[in-house]
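Notes follow the structure.
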Amino acid sequence: MDKVVATALEAVADVPDGASLAVGGFGLSGVPNVLIGALYERRVAGLSVVSNNCGAMESGLAVLLAAGRIARVTGSYIGANKEFARQYLAGELEVELIPQGTLAERLRAGGAGIPAFYTPAGVGTQVAEGGLPWRYDGSGGVAVASPAKEVREFDGTEYVLERGIRTDFALVRAAKGDRHGNLVFSKSARNFNPLAAMAGRVTIAEVEELVEPGEMDPDAVHLPGIFVQRVLALTAEQAADKKIEQRTVRS
């Protein structure tokens, strides 16, 4: 029951080249930077990543992306990540862009054992009809396009079939966790972290504060330990290392 590992390198030691990863975080909030750094140190490559976005400001998944370690991204937002856009348009990176709510539900469904579900999001667009560019050929043409998806009508409304997502591993960051893997997330850092954790066959959580079993109120737990296989306790310095993506101050 004690799922604590000693180091980040130990936590990701069995992640192979070509693995699929669900990664929590949104922008710079709730990103498992220490575990991502350990993957970078191990030189793991050819990764298929499922995450809302692919890092920003040379942080998070942007570290692996810039090093050419990511082969495919399933996500919702490219944002201001210029290297992400460059690799995608140059044909170096395969990208499946899907509606953000659909991504969240695909992760949750995968973790809940639901193989597929119907949603109205994307009906009447290339999300349902196919043809979205997954990979460019480097010359402006489309090398790989998304396939068409099944559309059905329920009570007079059309819905598109979306499949649940399961990945080999998941990397998440929590504010607090115990040795059994029960996790609590802080405010907006909750974002995609619980959903990514559910989708991973092996889920690794870095926690800012490690407590003993029984110290957390069960009603306060956001994600039960059944979804978590490994827990890494961060140092005080690692836990405090939080960047701000858009700093706004009064004049």
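All values below come from the heavy atoms of this structure, side chains included, with hydrogens, waters and symmetry mates left out.
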Distance check, rounded to the nearest 0.5 Å: [X] atom [atom1] versus [Y] atom [atom2]?
X: R135; Y: Q87; atom1: CZ; atom2: CD; value: 10.0 Å
X: I70; Y: S48; atom1: CD1; atom2: OG; value: 9.5 Å
X: D17; Y: R43; atom1: CG; atom2: CZ; value: 11.5 Å
X: L107; Y: T167; atom1: CG; atom2: OG1; value: 7.5 Å
X: F117; Y: L161; atom1: CZ; atom2: CG; value: 8.5 Å
X: E209; Y: S186; atom1: CD; atom2: OG; value: 11.0 Å

Pair V73-F84, side chain to side chain contact (heavy atoms under 4.5 Å, CB included): steps then yes or no: CA-CA 10 Å; V73 175; F84 188 151; 3.9 Å; yes

Taking side chain as C-beta onward, heavy atoms only, is [X] less than 4.5 Å from [Y]?
X: K176; Y: M216; answer: yes
X: L21; Y: V50; answer: no
X: T203; Y: F227; answer: no
X: T235; Y: Q238; answer: yes
X: S20; Y: L47; answer: no
X: I36; Y: L61; answer: yes
X: Y88; Y: P133; answer: yes
X: I98; Y: V127; answer: no

Identify the two heavy atoms, one from [X] and one from [Y], that lie closest to each other, and give their separation to 0.1 Å.
X: L195; Y: A104; answer: CD1-CB, 3.6 Å
X: V184; Y: A220; answer: CG2-O, 3.4 Å
X: L223; Y: V221; answer: O-CG1, 3.3 Å
X: A197; Y: A170; answer: CA-CB, 4.2 Å
X: A196; Y: G24; answer: CB-N, 3.8 Å
X: D137; Y: G140; answer: OD1-N, 3.3 Å

Taking [Y]'s backbone N and O only, do any of them form a donor-acceptor pair with [X]'s side chain (distance below 3.5 Å, no angle check)?
X: S146; Y: G130; answer: no
X: N191; Y: S29; answer: yes
X: R166; Y: M198; answer: yes
X: K149; Y: E162; answer: no
X: N182; Y: P224; answer: no
X: N193; Y: V172; answer: no
X: S76; Y: N52; answer: no
X: D168; Y: V15; answer: no
X: E208; Y: L234; answer: no
X: R163; Y: A116; answer: no

Between [X] and [Y] (salt bridge meaning N to carboxylate O under 4.0 Å), is one present in this structure?
X: R42; Y: E10; result: no
X: E92; Y: R86; result: yes
X: E158; Y: R152; result: no
X: D14; Y: R230; result: yes

Under the side chain to side chain contact (heavy atoms under 4.5 Å, CB included) rule, what do R179 and L210 come out as? Steps first, then yes or no, please. CA-CA 7 Å; R179 293 181 179 274; L210 178 66; 4.2 Å; yes

Please say whether more than 12 non-hydrogen atoms of neighbouring residues, nucleotides or ligands are located less than 6.0 Å from [atom1] in [X].
X: I226; atom1: CD1; value: no
X: Y40; atom1: OH; value: no
X: Q126; atom1: CD; value: yes

Is there a chain of hydrophobic side chains (I, L, V, M, F, W, Y, each step under 4.5 Å between heavy atoms) that links [X] to [Y]?
X: I78; Y: V144; result: no
X: I114; Y: I165; result: no
X: V202; Y: L232; result: yes
X: L28; Y: V49; result: no
X: L89; Y: L65; result: yes

Do R201's NZ or CZ and the ring of F169 fall within the cation-pi criteria of under 6.0 Å and 45°? no

Step-by-step salt bridge (charged side-chain N to carboxylate O under 4.0 Å, His left out) determination, K82 to E58: CA-CA 11 Å; K82 294 182 179 180; E58 301 177 353; over 6 Å; no

Within the 3.5 Å criterion, strictly below it, is a donor on E153 or Y159 matched to an acceptor on the partner's side chain? no

Is it the case that the side chains of R190 and S188 hold a donor-acceptor pair, with the cut-off being a distance below 3.5 Å and no angle test? no

Derivation and outcome, side chain to side chain contact (heavy atoms under 4.5 Å, CB included), residues N81 and E83: CA-CA 6 Å; N81 191 326; E83 178 60 15; 3.8 Å; yes

Would you mind listing the cluster partners of V151? Hydrophobic ones only (ILVMFWY), side-chain contacts under 4.5 Å, chaining allowed. V123, V160

Test side chain to side chain contact (heavy atoms under 4.5 Å, CB included) applied to R72 and W134, step by step: CA-CA 9 Å; R72 191 179 198 276; W134 279 1; 3.5 Å; yes

